[in-house]
Amino acid sequence: MRQTELYDLIVIGGGPGGYNAAERAAHAGLKTLLFEKRALGGVCLNEGCIPSKALLNSAKTYEHALHAATYGVTCNAVTINQEAVVARKAKVVRTLVSGIHAKMKHAGVTVVMGEAMIAGKDNNGFLVSAEGKTYTGKHLIIATGSSNVIPPLPGIQENLGSFVLTNREVLELREIPREFVVIGGGVIGLEMACYYNTVGSKVTVVEMLDHIAGPTDRQISTMLQKELERKGVTFLLGHNVQSAEPGTVIAVDANGQRKAISADKVLLSIGRRANCTGIGLENIGVAYGRGITTDTMCRTNVPNVYAIGDVNGHYMLAHTAYREGEVAVNTILGKGDTMRYHANPSVIYTQPEIASVGMTEEACKAKGIDYEVSKLSMRYSGRFVAENEGADGLCKIIIDRKRRTILGVHLIGIYSGEIIWGAAEMIEMQLRVTDARQIIFPHPTVSEIIREVLWEFND
Ligand code: NAI
């Protein structure tokens with residue numbers, strides 16, 4: 001029988017979930033192998049979270065320059081150079097990808113750049129092949145991520161990559177489209193709508209629901225919609241896309257009314273699907289539905305096989321994947337650890353950005369939870385007013401009426417994404433309002449708004 005290399009752990013997929021799990025495992029002394037078929041960092045680093053932040057930061061800088069006079073600064077002939085924006089984005093990605101290679105090397109993780117396939121199992125462990133070689137792992141972590149949902153609608157498949165773009169191509173456009181249509185008013189759609197609107201496109205967002213930003217607190221998502229409308233974005237809510245042939249997107253409402261929207265480019269952002277097929281799950285009997293079925297320790301139905309990140313279909317967020325990887329590795333190491341998702345923050349990096357953690361009012365109502373709400377405009381924060389001429393924002397805190405513990409925190413306004421982890425900690429630690437008030441917040445910061453809102457409750 002052919003000799004294979006034996007590892008304590010094989011990780012399939014080098015996105016945030018996979019590379020972080022591999023690093024943690026190697027640091028803990030496990031002989032670890034990581035497979036990646038495209039680029040370390042996965043979708044998040046190469047064609048998602050990070051490159052989109054680079055673009056959005058260019059848009060923010062451009063917007064600041066356009067409105068510099070408000071702050072007493074003169075900027076003449078402000079322009080944006082899309083070629084330069086995309087080149088800088090590529091440099092940011094290159095830097096961070098090479099950083100992950102260095103991290104893996106430092107940790108002692110063996111990285112194989114190639115497409116891995118689970119071939120089966122023998123007495124030593126799981127057999128995984130790539131690039132004509134077979135490797136054996138005592139434990140397996142599957143972190144193969146997710147792919148765009150591509151609906152079978154006229155014009156979509158055949159124009160993919162040219163007229164119809166996904167998160168991959170939309171970050172590579174060298175020319176700013178005159179008319180840009182976004183299908184799906186979720187996270188990717190809103191961030192890219194924000195970018196292209198700021199840099200000069202006429203943007204229309206088509207969303208099938210009656211609101212944008214999915215499960216976000218409704219008051220916050222309405223505020224975001226109003227602000228983006230004020231900046232020029234058009235929203236077509238309650239509309240389903242019927243076709244996207246070059247030049248025109250056809251959307252239809254619940255009454256069957258058709259609307260033709262003219263477009264140079266279309267972004268398809270209607271959600272993502274877990275990558276469960278083509279990796280050999282059947283060869284070892286791993287069960288999956290919309291994602292690989294896992295428990296709170298990220299264990300699959302097959303002993304010693306774990307699934308983390310987008311592929312388990314719980315939360316398609318990089319930071320959730322990081323934590324799931326740590327839970328899986330701790331479980332392998334025999335250290336008790338479980339996933340808790342109730343304090344899992346989320347951020348949408350629009351301008352203004354929104355961030356939330358825990359329960360929304362809508363979720364409390366749906367679950368019949370007796371809750372109380374306090375909220376304040378961000379303008380109660382000195383730093384917010386000093387840095388945001390004419391802008392507004394909101395901080396909303398939801399608590400359990402009887403227990404007085406914090407259930408949810410929802411923010412819209414500058415720095416929201418940088419503040420929210422503190423709120424997540426309050427929820428994770430099950431702090432009551434009176435406990436959380438004892439935290440000293442630095443002054444002047446926008447984060448102080450949380451403290452102000454806590455004092456709005458009658459405790
Ligand atoms: P999403 O699930 O956030 O939004 C998809 C939207 O498309 C929904 O609002 C849905 O109602 C709408 N939709 C579905 N079918 C439609 C149709 N036929 N016509 C019109 N609207 C339709 O998915 P998105 O934006 O593609 O993002 C994918 C994943 O990537 C998400 O799970 C998200 O968590 C993750 N992501 C996270 C980011 C962040 O944390 N800032 C940034 C980018 C992506």
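As the structure lists them, so they are numbered: ligands from 1, and atoms in each ligand from 1. Keep in mind that the numbers below use all heavy atoms, side chains included, and drop hydrogens, waters and symmetry copies.
Scanning the protein for heavy atoms near atom 29 (C) of ligand 1, the closest one is R272 CD, 3.7 Å. The protein heavy atom nearest to atom 37 (C) of ligand 1 is V187 CG1, 3.7 Å. The shortest contact between atom 21 (N) of ligand 1 and any protein heavy atom is with M208 N, 3.2 Å. Closest protein heavy atom to atom 34 (O) of ligand 1: M316 O, 3.0 Å. Nearest protein heavy-atom neighbour of atom 4 (O) of ligand 1: G186 CA, 3.2 Å. Closest to atom 18 (N) of ligand 1, if we only count protein heavy atoms, is N240 OD1, 2.9 Å. Looking at atom 14 (C) of ligand 1, its nearest protein heavy atom turns out to be I270 CB, 3.5 Å.
Under a 3.5 Å cut-off, the side chain of E448 and the backbone N or O of T445 do form a donor-acceptor pair. Panel note: side chain R174, backbone E172; a donor-acceptor pair is recorded below 3.5 Å. The backbone N or O of T350 lies less than 3.5 Å from no partner atom in the side chain of E353, so there is not a single donor-acceptor pair. Side chain of E324 to main chain of G17: no donor-acceptor pair is present (N/O by atom type, distance under 3.5 Å, no hydrogens or angles).
Counting heavy atoms under 4.0 Å from ligand 1, residue V206 touches it through the backbone alone. Heavy atoms of L317 found under 4.0 angstrom from ligand 1 belong exclusively to the side chain. If you look at E191 next to ligand 1, the close heavy atoms, those under 4.0 Å, all belong to the side chain.
Set against the non-hydrogen atoms of V241, the atoms of ligand 1 under 4.0 Å away are 19 (N). In summary, the atoms of ligand 1 found under 4.0 Å from a heavy atom of G184, numbered by their order in the structure, are 6 (C), 7 (O), 12 (C), 21 (N). Under a 4.0 Å criterion applied to the non-hydrogen atoms of I188, ligand 1 contributes the atoms 24 (P), 25 (O), 26 (O), 27 (O), 28 (C), 43 (C), 44 (C). Which parts of ligand 1 touch L209 is read off a 4.0 Å heavy-atom cut-off, strictly below it: atoms 11 (O). Counting atoms of ligand 1 from 1 in the listed order, those under 4.0 Å from a heavy atom of V347 are 39 (C), 40 (O), 41 (N). For ligand 1, the atoms lying closer than 4.0 Å to a non-hydrogen atom of Y349 are 41 (N).
Taking the ring pair (Phe, Tyr, Trp, His ring centres under 6.0 Å) definition, one finds that F384 meets it with nothing, sequence neighbours left out.
Inspection of the T405 and D400 side chains reveals no N or O donor paired with an N or O acceptor under 3.5 Å.
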Exercise for the section: Report the C-alpha distance between K375 and Q219 in whole Å, list the side-chain angles of each, state the deciding distance to 0.1 Å, and finish with yes or no for side-chain hydrogen bond (donor to acceptor under 3.5 Å, both in side chains). Expected result: CA-CA 11 Å; K375 51 194 165 186; Q219 186 179 7; 3.0 Å; yes
Practice task
Show the numbers, then the answer: is there a side-chain hydrogen bond (donor to acceptor under 3.5 Å, both in side chains) between Y196 and E179?
Solution key: CA-CA 9 Å; Y196 282 103; E179 294 173 312; over 6 Å; no
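Using bins of under 30°, 30° to 60° and over 60° for the plane-to-plane angle, the ring pair H106/H27 lands in the perpendicular bin. The aromatic rings of Y341 and H314 sit tilted, their planes meeting at an angle between 30° and 60°.
Around atom 24 (P) of ligand 1, the closest heavy atom drawn from A251, A355, G271 belongs to G271. Around atom 12 (C) of ligand 1, the closest heavy atom drawn from K53, E207, M192 belongs to E207.
Within 6.0 Å of atom CD in Q82, more than 12 heavy atoms from other residues, nucleotides or ligands are found, so the atom counts as buried in its surroundings.
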